[in-house]
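Note that the structure is predicted; figures quoted are calculated from it, not measured.
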Amino acid sequence: MDKVLADVLPGARLLQVGISHRLPLAAGCDFTTRFISTPHWCQDLPENVVICDGDELPFFDGSMDLVILHHTADFSAYPHQVVREASRILRGGGQLVVIGFNPLSFWGLGKLLSRNRSGPWGGRFLFRSRMEDWLNLLDFEVEKSSCYFMRLPVQNQNLLERFFKLERFGGHRFLPIGAYYCILATKRIGALIKARPVWRPDNVVALPGAGAIGASRGYIRTIRNRNDKQGCDVYRRGL
């Protein structure tokens with residue numbers, strides 16, 4: 001995940017939407033103002049912590065340069081609305097980082113076999129492909145998408161060390177079975193189309209002159225024929 005956040009462009013405002021304020025991310029990114037939103041209130045909250053749900057963010061449209069959804073969609077009753085809210089407050093050209101549990105992993109298998117619904121087992125475990133489809137529908141361009149943390153959800157130290165070696169040699173690049181996925185997407189900017197000015201009657205300037213301006217072709221042809229006929233009559237009289 002640190003490799004993905006290293007490619008994040010610097011900006012002015014960063015918002016991390018998560019389930020706890022005790023897990024700040026993107027500490028190495030260069031941002032002037034940082035906000036963290038959490039759905040639960042507790043005493044001694046630090047500054048710039050906002051109490052709200054992930055599907056109702058109290059920020060203006062296009063006010064953020066980077067939004068991080070840290071397992072927000074996994075633990076929300078409206079996961080699609082969470083992504084829509086992140087898209088709404090993100091400016092054009094801003095970046096979005098989505099972190100979620102991978103159902104195609106040992107942790108996803110543990111969720112199916114476990115009866116415990118506390119901690120990570122109470123999440124939704126949305127498919128990464130589904131999340132990418134949602135981002136494409138919201139006019140996002142997926143820059144990076146990978147799975148990480150290829151370890152078993154057990155306390156056996158020997159098994160943890162073996163899978164740590166597999167992750168160290170880049171197993172997540174070939175086997176997308178990591179415990180969580182991380183997606184980096186950029187919000188596309190729509191090109192503005194200049195509308196042509198519509199001429200109204202009150203905007204037309206009258207020009208002084210003798211005769212009608214802008215006469216039709218039929219009227220001009222009639223005048224020419226009449227002048228030609230009068231010229232022929234004068235010539236005959238002269239003869």
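For residues 128-138, the side-chain hydrogen bond (donor to acceptor under 3.5 Å, both in side chains) pairs, not counting sequence neighbours, are R128-S145, E132-S145. Screening residues 73-85 for salt bridge (charged side-chain N to carboxylate O under 4.0 Å, His left out), with sequence neighbours left out, gives E85-R88. Every pair tested for salt bridge (charged side-chain N to carboxylate O under 4.0 Å, His left out) that includes a residue from residues 20-32 fails, sequence neighbours excluded, so the list is empty.
A heavy-atom distance below 4.5 Å is not found between the side chains of L184 and V142. The shortest distance between side-chain heavy atoms of Y148 and Y180 falls below 4.5 Å. Between V17 and V67, some side-chain heavy-atom pair lies under the 4.5 Å cut-off. Using a 4.5 Å heavy-atom cutoff, the side chains of I19 and H70 are not in contact. Using a 4.5 Å heavy-atom threshold, the side chains of I36 and P24 count as touching. No side-chain heavy atom of F140 sits under 4.5 Å from any side-chain heavy atom of V83. With contacts defined as side-chain heavy-atom distances shorter than 4.5 Å, the pair L14/F35 does not qualify.
Using cut-offs of 30° and 60° for the angle between ring planes, the W121 and F125 rings count as parallel.
Shortest non-hydrogen contact noted between T72 and G54 is CG2-CA, 4.1 Å. Scanning all heavy atoms of the two residues, the minimum distance from G122 to F75 falls at C-CE2, 3.9 Å. When all heavy atoms are compared, the tightest approach of P79 to A73 is CB-O, 3.5 Å. Here the shortest heavy-atom pairing between L90 and K187 reads O-NZ, 2.7 Å. Closest heavy-atom contact between L66 and V8: CD2-CG1, 3.4 Å. Between C52 and L57, the shortest heavy-atom distance links the atoms SG-CD2, 4.0 Å.
If you take CG on D139 and OG on S87, they are separated by 7.5 Å, rounding to the nearest 0.5 Å. Atom CG of D53 is separated from atom OG1 of T38 by 9.5 Å, given to the nearest 0.5 angstrom. The CZ atom of F149 lies 12.5 Å from the CZ atom of F106; values are rounded to the nearest 0.5 Å. Here the straight-line distance linking atom OG1 of T33 with atom CE of M64 works out to 8.5 Å at 0.5 Å rounding. R124 contributes atom CZ, which lies 15.0 Å from atom NE2 of H71 (distance to the nearest 0.5 angstrom).
Looking at S105, its side chain does come within 3.5 Å of a backbone N or O of G108 through a donor-acceptor pair.
Residues I183 and W107 fall into different hydrophobic clusters, defined by Ile, Leu, Val, Met, Phe, Trp and Tyr side chains chained together at heavy-atom separations under 4.5 Å. Side-chain heavy atoms closer than 4.5 Å link hydrophobic residues (I, L, V, M, F, W, Y) into clusters, and following such links, possibly through other members, connects L138 to V82. A continuous path of ILVMFWY side-chain contacts below 4.5 Å connects L15 to V50, so both sit in one hydrophobic cluster. Both L69 and Y181 are members of a single hydrophobic cluster when ILVMFWY side chains are connected at heavy-atom separations under 4.5 Å.
With sequence neighbours left out, the ring pair (Phe, Tyr, Trp, His ring centres under 6.0 Å) criterion links F31 to no other residue.
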Return a table of donor-acceptor pairs under 3.5 angstrom between the side chains of residues 91-104 and protein atoms on other chains or two or more places apart.
| residue | atom | partner | partner atom | Å |
| --- | --- | --- | --- | --- |
| R91 | NE | D65 | OD1 | 2.4 |
| Q95 | OE1 | L9 | N | 2.8 |
| N102 | OD1 | L104 | N | 3.2 |
| N102 | ND2 | L104 | O | 3.2 |
| N102 | ND2 | P176 | O | 3.2 |
| N102 | ND2 | G178 | O | 3.1 |

Please tabulate, for the side chains in residues 40-48, all donor-acceptor contacts under 3.5 angstrom to protein atoms that are two or more places apart in sequence or on a different chain.
| residue | atom | partner | partner atom | Å |
| --- | --- | --- | --- | --- |
| N48 | ND2 | R34 | O | 3.3 |

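Side-chain N/O atoms of E143 and T186 include a donor and acceptor closer than 3.5 Å.
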Candidate pair S118 and N116, rule side chain to side chain donor-acceptor pair (under 3.5 Å), full reasoning: CA-CA 6 Å; S118 61; N116 185 11; 2.8 Å; yes
